[in-house]
Amino acid sequence: MSTTTRPTEDTAADNGGGVLAARLTGLGREEFAREVWGRVPSLTRAADDFSDLFSARAVDELVSRRGLRTPFLRVAKNGATLPDSAFTAPAGVGATIADQLDDTALWRSFADGATLVLQALQRTWEPVADLTSRLGSELGHPVQANAYVTPPQNRGFDDHYDVHDVFVLQIAGTKRWILHEPVHPDPLRDQPWTDHRAEVAAAAEGEPWLDTVLEPGDVLYLPRGWLHAAQAQGEVSIHLTLGVHTWTRHALAEHLAQSALALLAEDEEMRGSLPLGWDGPGDELALVRERLAAALTRADPAPRVQRVRRSQSRPEPLGPLAQSAALAALAPDVPLRLRGALAARLDGRRLSTRVGWLDFAEADLPSVRRVLDGEVHLAGDLGLALAERLLRTGVLVPAGA
């Protein structure tokens with residue numbers, strides 16, 4: 001079990017100054033990868049003050065004032081999830097859609113011991129969105145965020161495992177966590193704990209691998225597959241779960257196979273029909289194996305992987321009015337920068353990003369490469385025509401944005 005305390009500013013700087021070192025584990029990315037990542041849980045006491053990220057006030061605002069709809073919230077009690085109809089309703093004139101959160105119904109459920117699960121906070125709460133974006137870039141795997149709000153002495157879910165790695169950030173109150181070793185190590189996304197319900201229940205009866213109480217500022221890292229259950233203690237508990245949706249070798253194999261099949265679609269013999277009266281693999285399977293093996297050696301899954309990776313996270317939010325004002329005020333001395341979390345990649349003359357791709361003339365490539373360094377550049381130094389094009393397509397934003 002890895003247990004650390006909050007690093008000093010100097011230590012965080014030595015570890016690279018990323019989210020892992022500065023806010024979550026006190027370990028730089030390389031050390032975290034070597035000692036912890038995907039191997040064992042890790043507990044960091046007093047990792048940071050998370051009051052800037054989330055709070056009880058944030059919960060109340062999201063539930064009662066933001067007009068959230070399902071599936072941005074789930075409600076769970078005694079291991080079961082309540083139906084959406086138990087906590088949603090229309091919201092009056094001009095907002096008659098029926099799946100909006102009903103704050104009165106939510107209060108009654110919460111007072112009765114239910115846990116509120118605010119989902120996908122990377123879409124609805126800016127401080128959390130910023131953290132998940134930076135952590136995802138640092139890890140190289142997409143990150144989402146949920147908040148779990150549990151009444152005193154209650155638990156929302158029974159012992160289970162997740163199919164993604166998680167960082168648990170205790171925000172308020174205290175929560176007891178009980179961990180057991182995996183019954184199905186490194187589960188894939190389509191291998192949920194319910195496929196191993198009996199083994200999970202049996203393992204949960206055994207001696208725990210860890211039994212601890214998280215206090216505000218503590219961080220617990222859990223690799224996917226580790227069994228866990230958590231119960232609030234003497235007051236309302238709020239914690240954030242940062243879910244890391246890991247890329248696996250199996251996923252890479254899937255994309256490789258799909259790329260190979262695309263090549264085989266261009267093979268006339270492989271498009272041919274099987275013989276009349278065919279009743280089993282036989283010699284045909286040998287031919288298919290031979291051609292598939294050859295296609296696998298030639299297939300390049302990189303373009304497919306890059307497309308999927310770009311689609312799994314969002315770029316930095318873009319305000320249409322701010323962008324319009326930047327275009328109207330465009331002049332040689334206007335500072336611009338690359339939009340954050342864009343996953344921009346220049347291959348030859350083509351720039352691929354999370355907002356699409358652009359082809360450039362050879363003369364524009366030096367300026368495009370400069371933009372990709374992430375620094376602030378004056379529009380005149382880039383060329384006003386190029387700067388305007390990149391602003392219009394949402395690749396560049398005003399440096400003050």
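Along the sequence shown, residues are numbered consecutively beginning with 1.
For the residue pair Pro187 and Asp162, the shortest heavy atom distance occurs at CG-O, 3.8 Å. Heavy atoms only, all atoms of each residue included: Leu372 and Ala344 are closest at CD2-CB, 3.7 Å. Ser42 approaches Val36 most closely through the heavy-atom pair CB-CG1, 3.7 Å. Closest non-hydrogen pair, Asp165 versus Arg224, comes out as OD1-N, 3.1 Å. Smallest separation of non-hydrogen atoms from Pro192 and Tyr161: O-OH, 3.0 Å. Residues Leu396 and Leu391 share a closest heavy-atom pair of O-CD2, 3.4 Å.
Distance alone, capped at 3.5 Å, is enough to place a donor-acceptor pair between the Gln191 side chain and the Leu188 backbone. In this structure a side-chain-to-backbone donor-acceptor pair under 3.5 Å is missing from Ser313 to Arg309. Under the 3.5 Å distance criterion, the side-chain polar atoms of Ser55 are left unmatched by any main-chain donor or acceptor of Ser51. Distance alone, capped at 3.5 Å, is enough to place a donor-acceptor pair between the His377 side chain and the Arg370 backbone. Between the side chain of Gln153 and the main chain of Gln233, a donor-acceptor pair closer than 3.5 Å is present. Remark: side-chain polar atoms of Thr353 are paired, donor with acceptor, to backbone N or O of Val355 under 3.5 angstrom. A donor-acceptor contact shorter than 3.5 Å is absent between the side chain of Asp347 and the backbone of Arg350. Judged purely by atom type and a 3.5 angstrom limit, Thr297 uses its side chain to pair as donor or acceptor with the backbone of Ala294. One N or O on the side chain of Gln170 and one on the backbone of Ala172 form a donor-acceptor pair closer than 3.5 Å. Proximity of a side-chain donor or acceptor of Asp218 to a complementary backbone N or O of Glu215 within less than 3.5 Å is detected.
Remark: of the listed residues Asp130, Asp49, Asp48, Asp48 is the sole one forming a salt bridge (Lys or Arg N to Asp or Glu O under 4.0 Å) with Arg23. The only option from Thr81, Val117, Leu106 that meets the side-chain contact (heavy atoms from CB on, under 4.5 Å) definition with Val75 turns out to be Leu106.
Checked against the 6.0 Å centroid threshold, Trp247 and His255 count as a close aromatic pair.
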Exercise for review: For Leu240 and Val168, run side-chain contact (heavy atoms from CB on, under 4.5 Å): C-alpha distance rounded to whole Å, both residues' side-chain angles, the deciding distance at 0.1 Å, then the answer.
Suggested key: CA-CA 6 Å; Leu240 286 176; Val168 177; over 6 Å; no
Point to revise | Criterion side-chain hydrogen bond (donor to acceptor under 3.5 Å, both in side chains) on Asp102 and Gln100, from CA distance to verdict | key: CA-CA 6 Å; Asp102 182 333; Gln100 296 175 81; over 6 Å; no
Point to revise | Worked verdict on Arg74 versus Gln119 for side-chain contact (heavy atoms from CB on, under 4.5 Å) | key: CA-CA 7 Å; Arg74 284 184 297 155; Gln119 303 191 130; 2.5 Å; yes
Exercise for review: Show your working on side-chain contact (heavy atoms from CB on, under 4.5 Å) between Leu220 and Leu169 and close with a plain yes or no.
Suggested key: CA-CA 7 Å; Leu220 176 65; Leu169 285 61; over 6 Å; no
Practice item. Using the side-chain hydrogen bond (donor to acceptor under 3.5 Å, both in side chains) rule, take Lys77 and Ser109 through it: C-alpha gap first, then chi angles, then the decisive distance, then the call. Key: CA-CA 9 Å; Lys77 184 181 179 184; Ser109 294; over 6 Å; no
Point to revise | Stepwise side-chain hydrogen bond (donor to acceptor under 3.5 Å, both in side chains) test for Ser311 and Arg354 | key: CA-CA 7 Å; Ser311 70; Arg354 284 197 170 109; over 6 Å; no
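Residues Leu386 and Val368 are in side-chain contact: their nearest non-hydrogen atoms beyond the backbone lie under 4.5 Å apart. Contact annotation: the side chain of Leu222 approaches that of Leu179 to within less than 4.5 Å [non-hydrogen atoms, C-beta and beyond]. Residues Arg69 and Ile97 are in side-chain contact: their nearest non-hydrogen atoms beyond the backbone lie under 4.5 Å apart. Side-chain atoms of Leu358 and Val395, non-hydrogen and from C-beta on, do get closer than 4.5 Å to each other. Considering only heavy atoms from C-beta on, Val236 comes within 4.5 Å of Pro152 through its side chain. A heavy-atom distance below 4.5 Å is not found between the side chains of Phe72 and Leu118. Residues Pro317 and Glu126 fail the side-chain proximity criterion, which asks for heavy atoms closer than 4.5 Å. Residues Trp209 and His228 have side chains not in contact (no heavy-atom distance under 4.5 Å, counting atoms from C-beta outward).
Separating the CG atom in Leu214 from the CG atom in Leu43 is a distance of 6.5 Å, to the nearest 0.5 Å. Distance CG/Leu292 to CG/Leu285: 10.0 Å, rounded to 0.5 Å. Atom-to-atom distance recorded for Arg34:CZ and Leu27:CG is 9.0 Å, nearest 0.5 angstrom. Leu242 CG to Thr132 OG1: the interatomic distance, rounded to the nearest 0.5 Å, is 7.5 Å. Of the inter-residue distances, the one linking Leu68 atom CG with Leu73 atom CG reads 7.5 Å to the nearest 0.5 angstrom. Residue Phe32 holds its CZ atom at 8.5 Å from CG of Leu24, rounded to the nearest 0.5 Å.
Dense packing is recorded around CD of Glu199, with more than 12 heavy atoms of other residues, nucleotides or ligands lying under 6.0 Å away. Counting heavy atoms of neighbouring residues, nucleotides and ligands inside a 6.0 Å radius, atom CZ of Arg345 does not exceed 12 of them. In this structure, Arg271 places its CZ atom where more than 12 heavy-atom neighbours from other residues, nucleotides or ligands lie under 6.0 Å away.
Ion pair Glu61/Arg66 flagged as a salt bridge, since at least one NZ, NE, NH1 or NH2 atom sits closer than 4.0 Å to an Asp/Glu carboxylate oxygen. Using a cut-off of 4.0 Å between Lys/Arg side-chain N and Asp/Glu carboxylate O, Arg108 and Asp112 are scored as not salt-bridged. Comment: Glu316 engages Arg337 in a salt bridge, judged by a side-chain N to carboxylate O separation of less than 4.0 angstrom. Remark: Asp359 does not engage Arg349 in a salt bridge, criterion side-chain N to carboxylate O under 4.0 Å. Ion pairing between Arg291 and Glu269 holds under the 4.0 Å rule for side-chain N and carboxylate O. The pair Glu388-Arg392 meets the salt-bridge criterion, with a side-chain N (NZ, NE, NH1 or NH2) lying under 4.0 Å from an Asp/Glu carboxylate O. Arg369 and Asp364 are not joined by a salt bridge, as no carboxylate oxygen comes within less than 4.0 angstrom of a charged side-chain nitrogen.
A cation-pi arrangement is found for Arg389 relative to Phe360, the charged atom lying closer than 6.0 Å to the ring centre and inside a 45° cone about the ring normal. Under a cutoff of 6.0 Å and an axis angle of 45°, Arg197 and Trp193 form a cation-pi pair.
Ring planes of His164 and His245: parallel class, angle under 30° (limits at 30 and 60°). Ring pair Trp37/His141 is tilted by interplanar angle, where 30° to 60° counts as tilted. Between Phe167 and Tyr221, the angle of the ring planes lies from 30° to 60°, which puts this pair in the tilted group.
With no hydrogens or angles considered, no side-chain donor-acceptor pair links His239 and Ser237 at under 3.5 Å.
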